[in-house]
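Labels below follow one simple rule: chain letters A, B, ... track the order of the sequence lines, proteins then strands, and each chain is numbered from 1.
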Amino acid sequence: MTGSMDLPAKGGFNFDLCRRNNMLEKNGLKLPGFLKTGTTIVGLVFQDGVVLGADTRATEGPIVADKNCEKIHFMAPNIYCCGAGTAADTEAVTDMVSSQLQLHRYATGRESRVITALTLLKSHLFRYQGHVSAALVLGGVDCTGPHLHTVYPHGSTDTLPFATMGSGSLAAMSVFESRFKEGLTREEGIELVSDAIRAGIFNDLGSGSNVDVCVITKGKTEYLRNHQLPNPRTYASSKGFSFTKGQTEVLSTKIIPLKQKVEVAEGGDAMEE
Amino acid sequence: MSRRGDWVYENNGGTCVAIAGADYCVVAADTRLSVGYSILTRDHSKICDLADKCVLASSGFQGDIKALHKNLAARELLYQHQHNKRMSCPAMAQLLSNTLYYKRFFPYYAFNVLGGLDSEGKGCVFTYDAVGSYERTGYSAQGTGSTLIMPVLDNQLKSPSPLLLPARDAVTPLSESEAIDLVKDVFASATERDIYTGDKLEIVVINKAGTKREYIELRKD
């Protein structure tokens, strides 16, 4: 890989550091963790379309990295995708397929179909043999009707009337299995999705914070960001905290003047806009 | 969640904090018990009253913690019978250290904070590692949220270590109500960022008048 510095990066993965990383790991260095989304994501088909739902907690091991992240990603105006697994992977793969769908819309002059997004996602994930850790719930309404699919990291897919993914999927699925029926109304669908996400939020430690909902019907999509906020901060000190200068002890001070490298000349031409 | 067949421990999560004042001691712990990504119960006390002016809060592996608390309570009862008085906090501190070191090669997976009043009525807090190394300090945090809480306590309380010379009091200048307010806020903050801390907060306040318990709600997600 000696020529890699000369050519501009063409995209895809760069494996230049693999040998060095393996050597470092063998010598005892702990690799940095990945930001995973823990997560509860769900989707269901109701009488007029599909409803998608997600929690908003992103974790890095046992620590909450983002208390209000967005897990429902835009694919097309009529197609949205919830993502669980490694945050970078879900973000990258949905952005990539979203771009490909837009180019395809320009080429065909038609609205995107959900199965197109599905095929693009599953072929990409299969090609990477599960190393792209993205588990998705893809939903949308196109000219052939409402569709809901799950996509697994290795590239397999399912077509379902209701689906859950992520570490909170069992908690959410228990709600769906007891209360789902065909032909739900919009209000019933939103309520069932919110209840399923809340089951994940309160019973799964990898999920938490707020409920995001996305309702897709023929011709209209509503992204209800923070549809429910069931976890307000429980206590805040009324007198507050002060961090005045001097409160943190300064043990020692060392000032190193850097040599002046630039000569500032008076006058000269003004900078171009 | 480990591949070796001989890993016998489990971390049930949770955080414990204690702050020593001039004539009081505040010991607090959350009440959530978890395993992996699941919650076992939202209502489990990690605090054990060992003597009338001595309270132990432990987080870690509940199996070992239950055994440790039972062990110490039994030893305290024996002491009562033999010496016709209850164990003082510094005495219990030494006993806990010895009990933990006794199992140096198969440790109690317990992260302890002992709080109470010493024989002069001043607040005292002792902080431990898993094998019995201990120190008397003005405040301490142990458990999964300890790394989130300790820096805040360091900044707000700044009470010195009793190992420093010249000898300075290892108690915080805060009043009892201010210390309780700080503990509540600091736990609410740790709950926001640590998935293993939450549900309810149990606060035990020990002073001359006796022991008082208070519960406040924390985030349940």
Q: Walk me through it: do A:F241 and B:N155 pass the test side chain to side chain contact (heavy atoms under 4.5 Å, CB included)?
A: CA-CA 10 Å; A:F241 287 93; B:N155 181 272; over 6 Å; no
**Q.** For chain A, the option from B:E178, B:Q156, B:E217 that forms the most heavy-atom pairs under 4.5 Å
**A.** B:Q156
Q: Identify whether the distance between the nearest side-chain nitrogen and carboxylate oxygen of A:K239 and B:D181 falls below 4.0 Å.
A: no
How about [atom1] on [X], more than 12 heavy atoms from neighbouring residues, nucleotides or ligands closer than 6.0 Å, or not?
| X | atom1 | value |
| --- | --- | --- |
| A:F126 | CZ | no |
| B:Y9 | OH | yes |
| A:L170 | CG | no |

Q) Using a cut-off of under 4.5 Å for heavy-atom pairs, which of A:D204, A:I63, A:I201, A:N231 has the most such pairs with chain B? A) A:N231
Q.
Quick check on the interface: out of A:G168, A:S209, A:A171, who has the most heavy-atom pairs with chain B under 4.5 Å?
A. A:S209
Q: Please look at A:P230 and chain B and tell me whether the side chain, the backbone, both or neither of the residue comes under 4.5 angstrom of a heavy atom of that chain.
A: neither
Q: Using non-hydrogen atoms and a 4.5 Å limit, figure out which bit of A:S242 sits close to chain B: side chain, backbone, both or neither.
A: backbone
Exercise: identify the closest heavy-atom pair between [X] and [Y]:
| X | Y | result |
| --- | --- | --- |
| B:I39 | A:F202 | CD1-O, 3.5 Å |
| A:R57 | B:D221 | NH2-OD1, 3.2 Å |
| A:T234 | B:A188 | OG1-CB, 3.9 Å |
| A:L205 | B:S38 | CD1-O, 3.9 Å |

Q. What distance separates B:D185 CG from A:S238 OG, expressed to the nearest 0.5 Å?
A. 9.0 Å
Donor-acceptor pairs under 3.5 angstrom involving side-chain atoms of residues 149-161 of chain A: please list them, not counting sequence neighbours.
from	atom 1	to	atom 2	distance (Å)
A:H149	ND1	A:T159	OG1	3.0
A:T157	OG1	A:K122	NZ	3.2

Q. Distance only, no hydrogens: is a donor on one side chain within 3.5 Å (strictly under) of an acceptor on the other, for B:S189 and A:R233?
A. yes
Q: Apply side chain to side chain contact (heavy atoms under 4.5 Å, CB included) to the pair A:T59 and B:I195, showing each step before the final yes or no.
A: CA-CA 9 Å; A:T59 52; B:I195 61 178; 4.0 Å; yes
**Q.** Heavy-atom proximity to chain A below 4.5 Å, by part of B:L201
**A.** neither
Q: For the residue pair B:R219 and A:Y235, establish whether any side-chain heavy-atom pair is separated by less than 4.5 Å.
A: no
Q) What are the residues of residues 42-60 of chain B, in order of number, with any heavy atom under 4.5 angstrom from a heavy atom of chain A? A) B:R42
